[in-house]
Amino acid sequence: MDPRHSREHLQRMRQARVDTGRLGGRPRTPPSPEVVARIVAAVDAGTGWSAIAAALNADQQVPPPVGGTRWWPSSVQRIYRRATDPDCS
């Protein structure tokens with residue numbers, strides 16, 4: 001068995017992510033309420049997911065979600081759905 005896949009190794013890796021607050025090796029950066037409101041307003045105005053992501057990428061003051069390097073249309077869509085759908089968590 002590959003030692004990188006042993007039960008003990010996986011438990012150490014999982015605990016390291018818990019200890020450092022990292023998930024998948026990247027720090028979580030939840031969107032601010034202002035960013036969520038900006039996304040909701042843009043969608044409600046008829047702007048598409050890709051255009052919103054491009055605008056957020058152009059604004060250097062808005063960090064991408066989940067510690068990524070850029071905004072993606074799928075991230076914008078997920079944030080919008082979580083903000084507007086009471087059944088979505």
Side-chain angles (χ1 to χ4, degrees):
M1 177 183 216
D2 185 345
R4 293 176 295 163
H5 296 284
S6 70
R7 181 180 305 260
E8 294 80 21
H9 176 76
L10 294 175
Q11 286 174 338
R12 283 193 307 272
M13 295 300 292
R14 194 173 299 121
Q15 187 59 45
R17 286 193 302 269
V18 169
D19 292 344
T20 60
R22 291 175 165 271
L23 181 63
R26 297 180 299 189
R28 288 190 166 271
T29 308
S32 68
E34 293 82 15
V35 172
V36 173
R38 180 174 169 182
I39 290 171
V40 170
V43 172
D44 291 347
T47 308
W49 308 121
S50 295
I52 297 169
L56 291 169
N57 285 324
D59 186 349
Q60 298 296 319
Q61 302 301 316
V62 181
V66 194
T69 57
R70 61 177 294 187
W71 283 88
W72 295 94
S74 60
S75 300
V76 174
Q77 184 179 31
R78 183 172 40 256
I79 290 168
Y80 176 79
R81 291 212 170 120
R82 286 182 178 163
T84 59
D85 184 354
D87 295 330
C88 188
S89 58

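Computed from a prediction, not measured in an experiment: that's the story for all the values here. Residues: numbered from 1 along the sequence shown.
The side-chain heavy atoms of Leu56 and Trp72, taken from C-beta on, include no pair separated by under 4.5 Å.
Residue pairs meeting the side chain to side chain donor-acceptor pair (under 3.5 Å) criterion with at least one partner in residues 41-50, sequence neighbours excluded, are Asp44-Tyr80. Listed by first and then second residue, the side chain to side chain donor-acceptor pair (under 3.5 Å) pairs that reach into residues 32-41 are Ser32-Glu34, Arg38-Asp59, sequence neighbours excluded.
Proximity of a side-chain donor or acceptor of Asn57 to a complementary backbone N or O of Trp71 within less than 3.5 Å is detected.
Listed here is the closest heavy atom pair of Thr69 and Pro64: C-CG, 3.6 Å.
The CD1 atom of Ile39 sits 8.5 Å away from atom OG of Ser75, with the distance rounded to the nearest 0.5 Å.
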